[in-house]
Amino acid sequence: KIRDAIAWKADEWKKAKHGWTLEGASLTRAPRGYAENHPLIEDLKRQDFVVSVRFSNAQVCSPRFLQAVTAAAKKMAPLMSFLAKAQGQQF
């Protein structure tokens, strides 16, 4: 479902993942039903959609850490929303 959403809603996907480097496992070849030369083939090969935010020790120990985590979560929201909606879930 996520691959179909990426392929059919390419502009929305690009906007949702803007600024993030996706991590996690990927297929070595194009998934069945998708052309190897699809413009978003690297995203379509993904088996995981993992993003993370690194915090320094100083940030973690800061009294403002909760605000930093909240800001990071808000920044992730468009990506998480896209993935949830692709699965038929509310976000």
Side-chain angles (χ1 to χ4, degrees):
K1 291 180 180 181
I2 292 173
R3 287 182 181 127
D4 286 345
I6 290 169
W8 297 337
K9 300 175 183 177
D11 290 338
E12 188 178 330
W13 169 247
K14 289 176 190 176
K15 185 177 177 182
K17 77 166 201 163
H18 178 74
W20 293 107
T21 299
L22 295 174
E23 303 171 27
S26 291
L27 301 171
T28 56
R29 296 188 326 228
R32 187 175 308 139
Y34 296 96
E36 193 69 49
N37 64 350
H38 190 286
L40 297 172
I41 194 61
E42 293 307 313
D43 292 331
L44 295 171
K45 288 180 183 180
R46 299 207 68 71
Q47 294 176 298
D48 302 325
F49 295 88
V50 178
V51 295
S52 60
V53 175
R54 299 204 187 279
F55 294 101
S56 68
N57 286 340
Q59 287 175 300
V60 172
C61 295
S62 166
R64 298 188 44 81
F65 182 58
L66 183 57
Q67 289 87 353
V69 171
T70 302
K74 285 180 181 179
K75 185 179 173 190
M76 286 182 195
L79 178 63
M80 299 306 296
S81 178
F82 183 94
L83 296 172
K85 287 178 184 175
Q87 293 290 323
Q89 303 295 317
Q90 291 183 348
F91 180 80

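All values derive from a computational prediction rather than experimental measurement.
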**Message:** Please check this pair: side chain of Glu23 against backbone of Val50, looking for a donor-acceptor N/O pair closer than 3.5 Å.
**Reply:** no
**Prompt:** Hey, is Glu12 close enough to Lys15 for a salt bridge, meaning N to O under 4.0 Å?
**Reply:** no
**Item:** Heavy-atom closest pair, residues Leu44 and Pro31
**Value:** O-CG, 3.4 Å
**Prompt:** Cluster question for you: counting only ILVMFWY and a side-chain heavy-atom cut-off of under 4.5 Å, with indirect links fine, are Ile2 and Phe91 together?
**Reply:** yes
**Message:** Evaluate Leu40 against Tyr34 for side-chain contact (heavy atoms from CB on, under 4.5 Å), listing each step before the verdict.
**Reply:** CA-CA 10 Å; Leu40 297 172; Tyr34 296 96; over 6 Å; no
**Asked** If we only count heavy atoms from C-beta on, is the Lys45 to His38 side-chain gap below 4.5 Å?
**Response** no
For residues 72-89, please give each side-chain donor-acceptor pair under 3.5 Å, one per line with the distance, not counting sequence neighbours.
none

**Prompt:** Sub-3.5 Å donor-acceptor pair from the side chain of Arg3 to the main-chain atoms of Arg46, do we have one?
**Reply:** yes
**Request:** Decide yes or no for Val53 and Trp20: does some side-chain heavy atom of the first lie under 4.5 Å from some side-chain heavy atom of the second?
**Result:** yes
**Message:** Taking Trp13 as the starting point, is it possible to reach Trp8 by hopping between hydrophobic residues whose side chains are less than 4.5 Å apart?
**Reply:** no
**Over 12 non-hydrogen atoms of neighbours within 6.0 angstrom of CG in Asp48** = yes
**Message:** So, taking the atom named NZ in Lys14 and the one named CD1 in Ile6, what distance separates them when rounded to the nearest 0.5 Å?
**Reply:** 12.0 Å
**Derivation of the side-chain contact (heavy atoms from CB on, under 4.5 Å) call for Leu22 and Val51** = CA-CA 5 Å; Leu22 295 174; Val51 295; 3.6 Å; yes
**Request:** Kindly say whether Leu66 contributes a backbone atom to a donor-acceptor pair with the side chain of Thr70 at under 3.5 angstrom?
**Result:** yes
